[in-house]
2 protein chains.
Amino acid sequence: MRSDVKPDRRSRDNARVTITDLSQALSLTKGTVSRALNGYPDISETTRIRVIRAAQAMGYRPLSQAQAIKTGRSCSLGLVIELSEHDAHAPFLAEFLAGLTQAASAEGWTLTIATSESEGDTLRIMRDLILHRKADGFILPRVLWDDPRIAFLDREDAPYICYGRSKNHVETSYFDAQSEVSMVEAVTWLAQLGHERIAYIGSASHYAYAHLRRDGYRTGLAQEGLAFDPALMIEEVLDPEEAAKATRQLLALEQPPTAILCATDTLARGVYDVAHEMGLQIGSDLSIVGYDGSPEAQAMWPRLATFAVDNRKAGAALGAMLMARLRDLNAPLQQELIAADFRPGGSTGRPGKMPEELAQHVIRLTADPIRND
Amino acid sequence: MRSDVKPDRRSRDNARVTITDLSQALSLTKGTVSRALNGYPDISETTRIRVIRAAQAMGYRPLSQAQAIKTGRSCSLGLVIELSEHDAHAPFLAEFLAGLTQAASAEGWTLTIATSESEGDTLRIMRDLILHRKADGFILPRVLWDDPRIAFLDREDAPYICYGRSKNHVETSYFDAQSEVSMVEAVTWLAQLGHERIAYIGSASHYAYAHLRRDGYRTGLAQEGLAFDPALMIEEVLDPEEAAKATRQLLALEQPPTAILCATDTLARGVYDVAHEMGLQIGSDLSIVGYDGSPEAQAMWPRLATFAVDNRKAGAALGAMLMARLRDLNAPLQQELIAADFRPGGSTGRPGKMPEELAQHVIRLTADPIRND
DNA sequence: AGAAACGCCGAAACCGGTTTCGGCAACGTG
DNA sequence: CACGTTGCCGAAACCGGTTTCGGCGTTTCT
């Protein structure tokens, strides 16, 4: 197939079909071919079809770099990852990237990713990426409640889509998991197991999701008719170490909680540590629920009950949304929500001390690796 | 067309400095400026310095896209991630990307990443990326023992650097952690604790590292004067589930091992599961060592003793190596190795049953979160 | 029927660079 | 002093596209 015309091995270097090749094959000018492919109105439908057919047949695909210098659009999505974060994006990143690149490359687009060390750095990098046409728009991971990136990109007039709902998300395009609903479900789950004192360990409130999940927790309590005790809610917790401290504080209360709900799996790690340290049986003495469905949760014992977010799907959706927006800058806002799936684990059970054997038994039952995909 | 509505749109135009701007400011022609900056020999040193000064002062940086269409090089590194893998690249990816993008953007280069679903897909995508100038060369993560990507890229005459040592790594440029040395260290560590029956659970042998680590295990045994028992070595283990099966098999032996060394942390997860299932005290009844230093290891209890690989450093090094190669295609091979740091954890201890209290004590001692860095 | 209004395409400029070619001045040389 | 060299730079072509402009042949309108 490849050597039909040119048997010379070296000719493979020139394998790419250019618009000139195409125009010569069609006996048209470059300009006409270009306009035909780009949907200009001054091309007859007959010609347009002829051009598109030939393009397909010859496998022509424009060189996006060449387009970029004239049009300013390079068909690439930008993603700037901030590294300084406490809870590194580690767990969610791989799947997220998978979805993103899949969506992008399906339409011949590219993903440009960069890393930054600080907030100011992020803005500088984004401007640079736009200026150098390495990104036409951005996907904003881990949106903050009051996110400087949003203000910045609005000012720069650069398109973007948020992963998460910021303070004024009503005015932005976003994709997000309904983690507030998950928190309600978690409370319900625990309440139905018999828990009445359910604590909450939340993350730093500059994250957008911190607000949503906290509210979800409180909604859940209200819904189950449980009183809200401020002593049971500890926020602004950054990492497992701080979560451990919070846990000690909670368990030292006169009326300690029988269950702890964590805003993230990573925080739950700290709770586990303390439980082990104090010799508590997780799943009976203390029930724990996390959020994220991260690999970490799979490594804990007993398995952490958590809510799995399909980050690949999120990436794909965000990619598609951004491309749509870049194609038509005047398109209306796009807002999409998905639900996270509850993934039970041995970390939850009926509250209160049980006979040792029974507790063991319960753990066995609920801690089985999840089989149903 | 439609943006006629916004009249002041142009005002925002943060004028990128083009080579034309620069040439006009210097009263030179575009061509001269270009040659001056690109080190052509027919430019006087005086002029060259003048141009470089002005470029710096005006903040000129060439638009890589524009360069690309003429030179064919787009100043971007390619990374194709295969998703089908059992042990998804999840844990190592984030840090790795951080290093990679850091190295790249420090020199104004870009990282283009794509994902593929299969091996054939990967090759197809790589060709496509080269053809469309989205990547000048590639970084090959998770090199296989007999890697089709290497053969393919050699054939295509495309530059690349391996993360890992393949079968004939002597002829390739690579960066790798000396995991074989780590395996020796692990055996030594266990032997010094008093273990004599040390088992090994290895991963699929198509991975390059599987060979190295297996050999390291055997070298370690020899070095410690321990006999090699084929029954204690199980290979081709893909995931935690299979590792669990292997563990059951090992513990069912007449003379079961007192310690299990795993090729990866992920596999160690399976061992943990079985230990918990059988009520074994990890760190006394059974010692476990992993490799990778992944976040998972931090989530296990007691902490998994493992070897931490600095993946960010790896990414940075690989990026630098590839850029060096792309700048000078005739450069000699570059080969670099680093050592992984042993990160002790509560998962190892002296072999054999101990009094319950003592065992607990040992766990306490060794399971403390690692404080030093 | 003549003029105006299309529909459709070619020609050429343009984008931001790189690279080839040729010419002019200064230089060395016999 | 005439004559090649050499050093240095301008002019222009080129890369692979996009976009503006103008002109030609048909319709349509009056």
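Reminder, nothing fancy here: chain letters follow the sequence lines and each chain counts from 1.
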task: Verify the contact: side-chain N or O of A/Q67 to OP1 or OP2 of D/dG17, cut-off strictly under 4.0 Å; return yes or no.
output: no
message: By the 4.0 Å heavy-atom rule, please label A/S27 as base, sugar-phosphate, or nothing.
response: sugar-phosphate
- prompt: Would you say a side-chain N or O of B/T71 is under 4.0 Å from OP1 or OP2 of C/dT19?
  reply: no
- prompt: Without hydrogens or angle criteria, can the side chains of A/S116 and A/T122 be said to hold a donor-acceptor pair below 3.5 Å?
  reply: yes
- prompt: Tell me: CG of B/D21 to C1' of C/dG17, nearest whole Å?
  reply: 13 Å
field: Shortest side-chain distance from A/D42, nucleotide among D/dT18, C/dC9, C/dT18
entry: C/dC9
query: Are the side chain of A/S74 and the backbone of A/R133 linked by a donor-acceptor contact shorter than 3.5 Å?
result: yes
task: Name the closest nucleotide to the B/Y60 side chain, picking from D/dG17, C/dG17, C/dC9.
output: C/dG17
message: Any carboxylate oxygen within less than 4.0 angstrom of a Lys/Arg side-chain nitrogen, looking at A/E107 and A/R327?
response: yes
- request: Could you state the atom-to-atom distance from CG of B/L37 to P of C/dG16 in whole Å?
  value: 16 Å
B/T172 backbone acceptor or donor facing B/Q335 side chain under 3.5 Å: yes
query: From D/dT19, D/dG16, D/dG10, pick the nucleotide closest to the side chain of A/R35?
result: D/dT19
task: Applying salt bridge (charged side-chain N to carboxylate O under 4.0 Å, His left out), run through B/D176 and B/R165 and close with a yes or a no.
output: CA-CA 7 Å; B/D176 200 7; B/R165 283 163 286 171; 2.8 Å; yes
query: Among the nucleotides D/dC9, D/dG16, D/dT18, which one has an atom lying closest to any side-chain atom of A/K70?
result: D/dT18
query: Would a distance-only check, ignoring hydrogens and angles, find a side-chain to backbone donor-acceptor pair under 3.5 Å from A/D154 to A/A151?
result: no
d(CZ, B/R73; P, D/dC15) in whole Å: 18 Å
- request: Rounded to 10°, tell me the angle between the two end axes of the helix from C/dA1-D/dT30 to C/dG30-D/dC1, each built from five pairs.
  value: 50°
Nearest-neighbour nucleotide for the B/T32 side chain, D/dG10, C/dC9, C/dG17 considered: D/dG10
field: Under 3.5 Å donor-acceptor, B/R48 side chain and B/Y40 backbone
entry: yes
- line: Side-chain atoms of A/I43 come closest, of C/dC9, D/dG16, C/dT18, to C/dC9
query: When the distance from CD of B/Q65 to P of C/dC14 is rounded to whole Å, what number comes out?
result: 22 Å
query: Is A/S34 touching bases, backbone alone, or none of the nucleic acid, heavy atoms closer than 4.0 Å?
result: base
- prompt: When the distance from CG of A/L22 to P of D/dG17 is rounded to whole Å, what number comes out?
  reply: 9 Å
statement: Of the listed D/dG16, C/dG17, C/dC9, the closest approach to the A/R16 side chain comes from D/dG16
- request: Between A/K30 and A/P41, just flag the one whose closest nucleotide in DNA chain C comes earlier from the 5' side.
  value: A/P41
- prompt: Any idea which of C/dG16, C/dG10, D/dC8 is nearest the B/L63 side chain?
  reply: C/dG16
statement: note: B/L26, atom CG; D/dC9, atom C1'; distance rounded to Å ~ 13 Å
- request: Nearest-nucleotide wise, let me know which of A/L28 and B/P62 is further upstream toward the 5' end of DNA chain C.
  value: A/L28
query: For the side chain of B/S105 and the backbone of B/T101, is there at least one donor-acceptor N/O pair under 3.5 Å apart?
result: yes
field: Heavy-atom donor-acceptor pair, A/D121 side chain to A/E117 backbone, under 3.5 Å
entry: yes
field: Set of ring pair (Phe, Tyr, Trp, His ring centres under 6.0 Å) partners for A/F96, sequence neighbours left out
entry: A/F92, A/Y163
Main-chain N/O of B/G120 paired to B/R124 side chain as donor or acceptor, under 3.5 Å: no
message: Using the side-chain heavy atoms of A/Y40, tell me which of these nucleotides is nearest: D/dC9, D/dT19, D/dG17.
response: D/dT19
- request: Kindly state which residues belonging to residues 45-58 of chain A come within less than 4.0 angstrom of DNA chain D, counting heavy atoms of the residue only, listed by number.
  value: none
field: Nearest listed nucleotide, side chain of B/T29, among D/dG17, C/dG17, D/dG10
entry: D/dG10
- prompt: Expressed in angstrom and rounded to an integer, what is the separation of A/I19 atom CD1 from C/dG10 atom P?
  reply: 13 Å
query: To the nearest angstrom, how far is A/N38 atom CG from C/dC9 atom C1'?
result: 16 Å
